[in-house]
Amino acid sequence: MRLGLALGYWGRGPSADHVPLAREAERLGYDSVWTAESWGSDAFTPLTWIAAQTSRIKLGTAVAQMAARSPTTTAMHALTLDHLSGGRVMLGLGLSGPQVVEGWYGRPFPKSPLTATREYVDVVRQVLRREGPVELDGRFHPHPYQGDDGTGLGKALKPITHPLRPELPVLLGAEGPKNIAQTTRIADGWLPLYWSPMRTEVYEASLGAAPEGFLVAPMARAKVCDDVAEGLLPVKAMLGFYIGGMGHAARNFHADLMGRMGFGEEARRIQELFLAGRREEAVRAVPDAFADEISLVGPRERIAERLELWRKGPVTDLLLLSPDRHTLRTLAALNGQLR
């Protein structure tokens, strides 16, 4: 199991520590570093900045939102950065939810998310493989565009730039069982939002047809500390926001996932509190047990014991959310890769 460093997206502004952390992770033998986006900083620009100041570590987006760019634009970003970095890009994509797609990007959330995702990946693959002009008779991403509001003058084009790697890895952030199953068929890997090594049966059916070499790369917050309860507070804050605020009361993929993992009643309570403006109470309502299962928090010995559970399952890459150098070094040592 390889380790990666997940930096997420910016808050109010850029973190001065992201590049130093990425360089430290590279020095410690981490395999990859990942950036994200929500409705603020984008995923590709910080990753390019990191690429210019590292030499070996792989560069991933976890995730770049599909609604933010047409699939050809996303493919252009990926192939450009892949050239500049010497072939280090891993393209992680996610559809996001109706609240973000319609509220931030100002476009309709697709009525058939699986079809929209499949078409998007198809177009990205065509660009990266450059076997011919990009053509797709699609419902959501037709190329060339043939809609009634178009000119009818669109021409199928092949990228001018020759991609460095035609098979640049594409990973998908997927949460629903059908979406995960489709991911095993159309992508090179899967980016789970929450992963519990104690509940791998939740995903067993969806991952049943995954091919050999398929990547499973969940994120987990990590913190070496004496006080487990205190160390879990950032995890609970994240869960409170995602489950309570990242979606509508009637349609929240993160809350649905928490329910499938055995915490449905608690997820509904978190939503109720968050949507009522009682955010601190929503965070406190996050069960310690759930926060603990999806993270690596506590003394070194406790983390070492729990890390074995992660290694026994199908996880190939563990992406650590940890701005703490001591924790990064400890995990590298426990995973047997300290350089």
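In this text, all values refer to a predicted model and were calculated from it rather than measured experimentally. These values consider heavy atoms only, across backbone and side chains, with no hydrogens, waters or symmetry-generated copies. Positions are given from 1 along the sequence.
Considering only residues two or more places apart in sequence or on other chains, R278 meets the salt bridge (charged side-chain N to carboxylate O under 4.0 Å, His left out) condition with E281. Remark: R302 engages D292 in a side-chain hydrogen bond (donor to acceptor under 3.5 Å, both in side chains) (not counting sequence neighbours).
A donor-acceptor distance shorter than 3.5 angstrom exists from the side chain of N335 to the backbone of M1, with no hydrogens or angles considered. Between the side chain of E24 and the backbone N or O of R325 there is no donor-acceptor pair closer than 3.5 Å. Although no hydrogens or angles enter the test, the distance criterion places no donor-acceptor pair under 3.5 Å between the side chain of Q271 and the main chain of G244. Put simply, the side chain of R23 never gets that close to the backbone of T54: no donor and acceptor are under 3.5 Å apart. Judged by distance alone, the side chain of R125 and the main-chain N or O of I186 form a donor-acceptor pair under 3.5 Å.
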Practice problem: Apply side-chain hydrogen bond (donor to acceptor under 3.5 Å, both in side chains) to Y105 and Q65, showing your working. | Solution: CA-CA 10 Å; Y105 294 113; Q65 296 180 332; 2.5 Å; yes

Quiz item: Should T117 and M66 be marked as a side-chain contact (heavy atoms from CB on, under 4.5 Å) after you check the CA-CA gap, both sets of side-chain angles, and the distance that decides it?
Solution: CA-CA 8 Å; T117 298; M66 297 183 204; 3.7 Å; yes

Practice problem: Could you walk me through whether E26 and S55 pass side-chain contact (heavy atoms from CB on, under 4.5 Å), step by step? | Solution: CA-CA 8 Å; E26 181 174 69; S55 60; 3.8 Å; yes

Practice problem: Tell me, with the steps shown, if K58 and M90 meet side-chain contact (heavy atoms from CB on, under 4.5 Å). | Solution: CA-CA 7 Å; K58 294 173 186 173; M90 302 176 76; 3.8 Å; yes

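The ring of W195 has its center closer than 6.0 angstrom to the ring center of Y203.
Tracing side-chain contacts under 4.5 Å through hydrophobic residues (I, L, V, M, F, W, Y), one never reaches V228 starting from V283; they form parts of separate clusters.
When each of L328, T330, V297, L296 is paired with V224, the side chain to side chain contact (heavy atoms under 4.5 Å, CB included) condition holds for T330 and for no other.
Heavy-atom minimum distance, K158 versus E131: CD-C, 4.5 Å.
Between R165 and D82 there is a salt bridge, with a side-chain nitrogen of the basic residue lying less than 4.0 Å from a carboxylate oxygen of the acidic one. We find that R69 and E37 are joined by a salt bridge, their nearest charged nitrogen and carboxylate oxygen being less than 4.0 Å apart. Electrostatic pairing of R311 and E308 counts as a salt bridge here, judged by a charged N lying under 4.0 Å from a carboxylate O.
Residues T316 and F214 have side chains not in contact (no heavy-atom distance under 4.5 Å, counting atoms from C-beta outward). L191 is not listed as a side-chain neighbour of L172, based on a closest heavy-atom distance of 4.5 Å or more. Residues P71 and H143 are in side-chain contact: their nearest non-hydrogen atoms beyond the backbone lie under 4.5 Å apart.
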